[in-house]
There are 2 protein chains.
Amino acid sequence: MKINISITDDHKMVLQGIQSMLNNTPEIKVVETYETAQETINGLEKQCPDVLLLDINLPDINGIDLSKQLLKKHSDLKIIALTNFEDISFVKRMLKQGVHGYLLKNTDKLEILEALKTVLSGELYLQKDIQKKLINQTPKQTFNNGLNIKLTRREQEVLQAISEELTTHEISEKLFISPKTVETHRSNIMLKLGAKNSVGMIKIAIENDLLT
Amino acid sequence: MKINISITDDHKMVLQGIQSMLNNTPEIKVVETYETAQETINGLEKQCPDVLLLDINLPDINGIDLSKQLLKKHSDLKIIALTNFEDISFVKRMLKQGVHGYLLKNTDKLEILEALKTVLSGELYLQKDIQKKLINQTPKQTFNNGLNIKLTRREQEVLQAISEELTTHEISEKLFISPKTVETHRSNIMLKLGAKNSVGMIKIAIENDLLT
DNA sequence: TTATTTTCAGGGGAAACCCTTAAAAATCCT
DNA sequence: AGGATTTTTAAGGGTTTCCCCTGAAAATAA
């Protein structure tokens with residue numbers, strides 16, 4: 001039995017590169033390649049591979065949402081995130097969504113094979129350097145980006161209130177502070193969580209169990 | 001071993017009523033009563049009962065959020081929702097949060113005892129009439145309120161886009177429709193989900209697995 | 001052909017979001 | 001105890017987005 005894999009990447013070159021790297025490997029078969037998130041979603045409907053190598057910097061949908069979506073539909077699918085992005089916080093978010101591996105794009109053939117076998121055996125695959133980074137994470141050194149989110153007591157209260165559909169003004173009355181202060185907090189929370197608006201804020205908050 | 005229960009209700013009369021109904025029952029002990037959500041949260045920190053009879057129409061926090069919160073902190077706690085509210089959709093949302101029973105307030109002593117025993121044995125307790133309603137639910141008869149949410153194809157797309165932190169304008173471009181149309185959809189979605197704003201929308205959407 | 005869905009508009013008010021600046025207040029450090 | 005840091009507070013002032021109401025015409029579906 002061959003291992004069926006599909007690849008999604010918006011750069012044709014990357015697509016080609018990986019494909020040629022893998023195509024002369026007898027135990028691997030690249031069944032499909034996609035260039036957008038939407039293509040991938042549609043494609044997997046018809047043909048779901050064993051493993052999907054997924055670039056997570058796609059134009060249409062972000063990698064976190066996409067992998068979440070795909071995994072929900074295809075519970076047996078293994079996803080290996082593929083990216084140049086070495087941001088640890090991002091890795092964490094991906095893993096939290098249930099992604100099975102995380103590869104940087106400057107990877108050689110051997111490592112890809114290794115990764116494929118690892119995830120197929122049900123284990124998590126992380127590259128050495130990413131592993132190191134994850135381990136060397138003293139809670140200090142992630143400050144404002146991504147996971148490992150440290151909200152202050154007050155920010156936590158404001159976040160909670162926002163999640164309860166209160167308006168800025170209502171929150172200010174509830175906490176006995178000025179609306180302007182609430183705005184400041186809201187905006188700081190968004191910065192810390194990396195959200196574009198309240199909706200993103202609440203999404204990330206829920207994902208990361210920030211709501212009591 | 002007595003069964004320790006606490007009661008939360010903002011109407012003193014109800015509090016009194018239930019308490020007197022239960023106090024001359026040897027196997028039950030009412031350890032605390034609370035009148036607000038906040039009191040309850042604080043109170044359970046010190047003294048967590050076996051079962052909490054919880055009115056879900058409290059002034060400060062809504063029942064769904066509150067029970068979710070309490071259950072997260074006190075995983076062994078059983079909660080029986082207490083309400084006049086016969087809305088099936090609401091019942092469903094409560095159950096989804098992990099509430100163990102749902103009692104209407106016009107309940108007699110026997111039924112309360114029955115409910116307490118049932119939830120303590122780990123089962124779900126629902127009153128006969130609510131059970132009936134749940135069963136007789138043809139997918140038709142819930143239209144605009146609460147659970148059993150039926151979003152149209154387009155609404156689903158708009159919801160998804162909103163959850164991806166896109167603005168109305170961005171969504172309109174993505175879906176090739178007018179911003180005004182997007183607004184209409186947004187507003188219809190909020191109506192269907194019973195949300196006050198986009199934040200509530202996304203919260204409910206996530207709770208109910210409406211996002212792909 | 002009714003019902004539902006999708007489309008769109010005008011117009012207005014509220015709320016959110018952004019940027020900057022900054023002063024108390026609480027907390028931490030040695 | 002005294003300075004350093006973080007947190008909390010707040011304002012001014014502007015832009016954008018959201019939310020609400022009404023009304024209505026196509027396009028689809030039942």
Quick check for you: among C:dC8, C:dA16, D:dT17, whose closest atom lies nearest to any side-chain atom of B:Ile177?
C:dC8
Distance, rounded to the nearest Å, where B:Leu166 contributes CG and C:dC17 contributes P:
14 Å
Under 4.0 Å between a side-chain N or O of A:Arg153 and OP1 or OP2 of D:dT7?
no
Using whole Å, what does the distance between atom P of nucleotide C:dT5 and atom CD1 of B:Ile189 come to?
13 Å
When you measure only distances, ignoring hydrogens and angles, does the side chain of B:Glu183 come within 3.5 Å of the base of D:dC18 through a donor and an acceptor?
no
Whole Å only: how far is the CD atom of B:Gln156 from the P atom of C:dT4?
20 Å
For D:dC18 and B:Thr168 - does any side-chain N or O of the residue sit under 4.0 Å from the phosphate oxygens OP1/OP2?
yes
From the candidates D:dT8, C:dC8, C:dC18, the one with an atom nearest any side-chain atom of A:Lys180 is C:dC18
Please state how far atom NZ in B:Lys196 lies from atom P in D:dC20, giving the value in whole angstrom units.
11 Å
Using a cut-off of 6.0 Å, state whether more than 12 heavy atoms not belonging to A:Asp76 lie near its atom CG.
no
Which heavy atom of B:Leu126 sits nearest a heavy atom of B:Tyr102, and at what distance?
CD2-CB, 3.7 Å
For a quick test of reading the model: is some side-chain N or O of B:Ser198 closer than 4.0 Å to OP1 or OP2 of D:dC19?
yes
Would you mind telling me which residue lines up with the more 5' stretch of DNA chain D, A:Pro179 or B:Ala195, judged by nearest nucleotide?
A:Pro179
Separation of D:dT6 atom P from A:Lys192 atom NZ, nearest Å, is 11 Å
Distance only, no hydrogens: is a donor on one side chain within 3.5 Å (strictly under) of an acceptor on the other, for A:Arg186 and A:Ser198?
no
Ignoring hydrogens and geometry, is there a side-chain-to-backbone donor-acceptor pair from B:His185 to B:Glu155 under 3.5 Å?
no
Regarding B:Thr181, tell me which of base, sugar-phosphate or nothing describes its non-hydrogen contacts under 4.0 Å with the strands shown.
base
May I ask you to say what A:His185 touches in the nucleic acid, namely base, sugar-phosphate or nothing, with a heavy-atom cut-off under 4.0 Å?
base
Could a donor-acceptor pair under 3.5 angstrom be found where the side chain of B:Thr184 meets the base of C:dC8?
yes
Ranking B:Asn197 and A:Glu155 by the position along DNA chain D of their nearest nucleotide, the one closer to 5' is A:Glu155
Distance-only polar pair, side chains of A:Thr107 and A:Gln127, donor-acceptor under 3.5 Å
yes
Integer-rounded Å distance: C:dC8 P and B:Phe176 CZ
12 Å
Given C:dC8, C:dT6, C:dA16, identify the nucleotide with an atom nearest to the side chain of B:Arg154.
C:dT6
Side chains of B:Ser172 and B:Ser178: do they bring a donor and an acceptor to under 3.5 Å?
no
Phosphate OP1/OP2 of D:dC18 contacted by B:Ser187 side-chain N/O (<4.0 Å):
no
Please state how far atom CD in A:Glu165 lies from atom C1' in C:dA14, giving the value in whole angstrom units.
16 Å
Between C:dC17 atom C1' and A:Leu193 atom CG, what is the distance in whole Å?
15 Å
